[in-house]
Amino acid sequence: MSEGRSQENRIQNLELRIYQNLEELDIIKNLEFSAECFAKRIQNLEELGGRNIP
């Protein structure tokens, strides 16, 4: 009985780590997207010669 419970606990721990990794991956993807948008905005401003255009 104890061995079965131990294996179940290991599975639950692995599932939890998988979900945590997926959440971290989602955060990283959002940060990458934000960085790409920011880089494009900088590039656009540089192409406009630094003029302050909203």
Side-chain angles (χ1 to χ4, degrees):
M1 222 28 149
S2 173
E3 187 175 318
R5 189 175 297 174
S6 176
Q7 185 175 6
E8 185 176 323
N9 285 341
R10 282 192 295 252
I11 291 171
Q12 288 176 346
N13 287 340
L14 287 172
E15 289 174 340
L16 179 60
R17 285 177 25 202
I18 289 169
Y19 288 124
Q20 289 171 336
N21 287 340
L22 289 173
E23 288 177 357
E24 290 175 6
L25 182 60
D26 191 44
I27 291 169
I28 290 169
K29 286 182 179 180
N30 287 335
L31 288 171
E32 288 175 341
F33 178 74
S34 295
E36 288 173 11
C37 292
F38 188 65
K40 287 177 185 176
R41 179 71 175 138
I42 290 173
Q43 182 180 8
N44 289 340
L45 289 173
E46 288 174 343
E47 289 172 0
L48 291 170
R51 290 180 285 168
N52 190 10
I53 299 176

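- Using a distance-only test at 3.5 Å, with no hydrogens or angles considered, no donor-acceptor pair links the side chain of S6 to the main chain of S2.
- With I18 as reference, L22 is the one residue of L16, L22, N21 to meet the side chain to side chain contact (heavy atoms under 4.5 Å, CB included) rule.
- Distance check: Q43 CD to E36 CD gives 12.0 Å after rounding to the nearest 0.5 Å.
- Taking CZ of R10 as the start and CG of L14 as the end, the distance is 9.0 Å to the nearest 0.5 Å.
- Annotation: the span from L31 atom CG to K29 atom NZ amounts to 13.0 Å, rounded to 0.5 Å.
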Take E8 and I11 through the side chain to side chain contact (heavy atoms under 4.5 Å, CB included) test and state the conclusion after the steps.
CA-CA 5 Å; E8 185 176 323; I11 291 171; 5.7 Å; no

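- Taking CZ of R17 as the start and CD of Q20 as the end, the distance is 9.0 Å to the nearest 0.5 Å.
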